[in-house]
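Okay, structure first, notes after.
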There are 2 protein chains.
Amino acid sequence: MGTTTPQRRQRHDPVERRKQLIGIGLQMLTERPLHEITVDAVAAQAGISRTLLFHYFPTKQDFYAEVVRAAGRRMLRAAFPAGRDSPSELDDVTDGYLSFIERRHELYTGLFRGTAPGDWLHDIAQETRTQMVDQLLLTLGIQRPAPMVRAAIGAWLSFAEELCLDWAAHRPGNRDRVLALLRGSLRNVVELADGDSN
Amino acid sequence: MGTTTPQRRQRHDPVERRKQLIGIGLQMLTERPLHEITVDAVAAQAGISRTLLFHYFPTKQDFYAEVVRAAGRRMLRAAFPAGRDSPSELDDVTDGYLSFIERRHELYTGLFRGTAPGDWLHDIAQETRTQMVDQLLLTLGIQRPAPMVRAAIGAWLSFAEELCLDWAAHRPGNRDRVLALLRGSLRNVVELADGDSN
DNA sequence: CGGTGCTATTGAGCGATGCTCAATAAGACT
DNA sequence: AGTCTTATTGAGCATCGCTCAATAGCACCG
């Protein structure tokens, strides 16, 4: 037991290593909150030494920034399957979003709710949010939103997050009703914020 | 410099010490996110040793649980000055809430947005949210809310948080318009969620 | 005023964690 | 076979949360 098998080193493609490590980060986020994930655990899971992780990501923050970005891309694809430029139907968007959270709510909460301004994760999460607001503006057919409208949609995203997460956890009502509430509130909020600018 | 003055020890009232430490925690949360606050820093600010902090709070988590509870009480008082049982006017509530965030948005974000489910802070923050939902139900005159209505109001709180924080930071529009948006969206969301149960 | 007990307070130290640095060795290319 | 790049590692450091045994204010009692 005391003698460890020398275990022949294997050199891997750096790109593959990065992908592997980010994948492990995503998977771990589904099991525990971010601040409970240690570099040691990730390295152990990957079968490498701590030091190698720092070779690819100069800092733990840099590592998790990549992880969060990757998760953000996944969510955007789930909610806006039509792609970056072509607008999706609002029904599809709300449904895709809710479905994503249903399947991945552990991951999602670990990512985007566990951030505060000043926090290093906040800026990364904000990138994804900004893209979601842009996509929502696109599906709503709004061309030149007033700042207040952008702010309202951004805030509505928080509303949607909380509502979907709560529903995924406690199921307070029918799924279709949640979707109806999402769509109705978004339209109402935009209307209120936009009407304000007159 | 190498010799430290023995510096006569001073015994303080435990209750006062606790208050002092919690106060320091609240103040520090206005400057940096929670996970960047070390026990050493708090102890140093108070002029005591790390060990003494652990004498009053068995764990860092216990310490910050107290801090978060204290902040929650402050916020509830700001938003619902009428008190626990008598209902306030919705106009007063939204205004009090927004004013609180205007004055204290660094603190507020540090507290309630930096939590994820599974996180030990989440349960504490949730206590305050539950109380706010109850108060809001009271001011809205809703007696027996359907689960969906409670969920909707809880989610609206996230909406309000995000909107107010964004407004405090970037001022996208007039203050009165924010208040109107808050009131209007709340009424609409409740209506949508309630109508769903028919 | 002196002794006694309670406990607020402390220093030394431990394990874990994020991170650094110099050294090793796998594999590609002559 | 020899050389060069760089993926990979072990040893070690500073900080952080936390424990434990010891010290010393201060109140109370005689």
Side-chain angles (χ1 to χ4, degrees), chain A residues 2-25 28-29 31-68 110 114 119-121 124, chain B residues 1-25 28-29 31-68 114 119-121 124:
Chain A
T3 53
T4 323
T5 311
Q7 179 168 324
R8 169 184 181 75
R9 280 192 196 174
Q10 178 129 6
R11 281 167 84 100
H12 286 220
D13 184 318
V15 178
E16 293 306 314
R17 265 279 191 256
R18 286 182 71 94
K19 283 184 187 169
Q20 178 201 17
L21 294 172
I22 290 174
I24 290 177
M28 285 199 161
L29 265 182
E31 295 162 4
R32 42 197 145 166
L34 177 68
H35 67 272
E36 283 180 16
I37 301 181
T38 68
V39 176
D40 277 16
V42 176
Q45 180 93 8
I48 62 175
S49 61
R50 260 156 300 160
T51 315
L52 188 56
L53 196 109
F54 286 107
H55 175 67
Y56 287 105
F57 306 93
T59 254
K60 194 196 179 191
Q61 299 189 4
D62 292 289
F63 173 57
Y64 279 108
E66 296 284 337
V67 174
V68 170
D119 192 350
W120 45 277
L121 266 187
I124 317 285
Chain B
M1 275 305 175
T3 53
T4 323
T5 312
Q7 180 167 321
R8 169 184 182 77
R9 279 191 196 174
Q10 177 129 7
R11 280 168 84 101
H12 285 224
D13 183 318
V15 177
E16 293 305 314
R17 263 281 190 254
R18 286 181 70 95
K19 283 183 186 170
Q20 177 201 18
L21 294 172
I22 290 175
I24 291 177
M28 284 199 162
L29 265 182
E31 295 162 5
R32 42 196 146 168
L34 177 67
H35 66 273
E36 281 180 18
I37 302 180
T38 68
V39 176
D40 276 16
V42 176
Q45 181 92 8
I48 64 174
S49 62
R50 258 157 301 158
T51 315
L52 187 56
L53 195 108
F54 286 107
H55 176 67
Y56 287 106
F57 306 93
T59 254
K60 194 196 179 191
Q61 299 189 6
D62 292 288
F63 173 57
Y64 279 109
E66 296 284 337
V67 174
V68 170
D119 193 351
W120 44 278
L121 265 187
I124 316 285

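Quantities reported herein were computed from a predicted structural model and do not represent experimental measurements. The figures that follow rest on heavy atoms only: side chains count, while hydrogens, waters and symmetry mates do not. Within every chain, numbering begins at 1; the chains are lettered A, B, ... in the order of the sequence lines, protein sequences first and strands thereafter.
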Distances under 3.5 Å between protein N/O atoms and the N/O atoms of nucleotides 10-14 of chain D, please, pair by pair.
unit_1  : atom_1 : unit_2   : atom_2 : d
dG10(D) : N7     : Thr51(A) : OG1    : 3.4
dG10(D) : O6     : Thr51(A) : OG1    : 2.6

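- Contact between the side-chain N/O atoms of His55(B) and the OP1/OP2 oxygens of dT9(C) is not found at any separation under 4.0 Å.
- When heavy atoms are screened at a 4.0 angstrom cut-off, Ile37(B) is found touching the sugar-phosphate backbone but no base atom.
- Distance from the side chain of Ile48(A) is smallest for dT9(D) among the nucleotides dT17(C), dT9(D), dA8(C).
- For residues 37-50 of chain A, the pairs satisfying side chain to side chain donor-acceptor pair (under 3.5 Å) are Asp40(A)-Arg50(A), with sequence neighbours left out.
- Atom CG in Asp13(B) sits roughly 14 Å away from atom C1' in dG25(D) (whole-Å rounding).
- Rounded to whole Å, the distance from CG on Leu53(A) to C1' on dT9(D) is 14 Å.
- Phe57(A) places a side-chain heavy atom less than 4.5 Å from the side chain of Ile22(A).
- Taking the side chain as every heavy atom from C-beta outward, Met28(B) and Val67(B) never approach each other to under 4.5 Å.
- At whole-Å resolution of the value, CD in Glu36(B) and P in dC16(D) are 11 Å apart.
- When each of Arg11(A) and Arg17(B) is assigned the nucleotide of DNA chain C bearing its nearest heavy atom, the one mapping closer to the 5' terminus is Arg17(B).
- Heavy atoms only, all atoms of each residue included: Ala46(B) and Leu21(B) are closest at CB-CD2, 3.7 Å.
- Picking from dT20(C), dA7(D), dG17(D) the nucleotide with the shortest atom distance to the side chain of Thr38(B) gives dG17(D).
- Between Thr59(B) and dG17(D) there is no side-chain N or O to OP1 or OP2 distance below 4.0 Å.
- Here dC19(C) presents its P atom at 7 Å from CD of Gln61(A), a figure rounded to the nearest Å.
- Nearest to the side chain of Lys60(B), among dT8(D), dT17(C), dC18(D), sits dC18(D).
- For the pair Phe63(A) and Val42(A), the minimum side-chain heavy-atom distance is below 4.5 Å.
- Atoms OH (Tyr56(B)) and P (dA8(C)) sit 5 Å apart, rounded to a whole Å.
- Between the NE2 atom of His12(A) and the P atom of dA25(C) there is a distance of 18 Å, rounded to whole Å.
- Within the structure, no pair that satisfies the side chain to side chain donor-acceptor pair (under 3.5 Å) test touches residues 57-66 of chain A, not counting sequence neighbours.
- dG17(D) atom C1' lies 14 Å from atom CZ of Phe63(B), rounded to whole Å.
- The CD-C1' distance, from Glu16(B) to dC26(D), rounds to 17 Å in whole Å.
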Inset, instruction - I would like to know whether His55(B) and Thr51(B) meet side chain to side chain contact (heavy atoms under 4.5 Å, CB included); could you show each step before the answer? - result: CA-CA 6 Å; His55(B) 176 67; Thr51(B) 315; over 6 Å; no
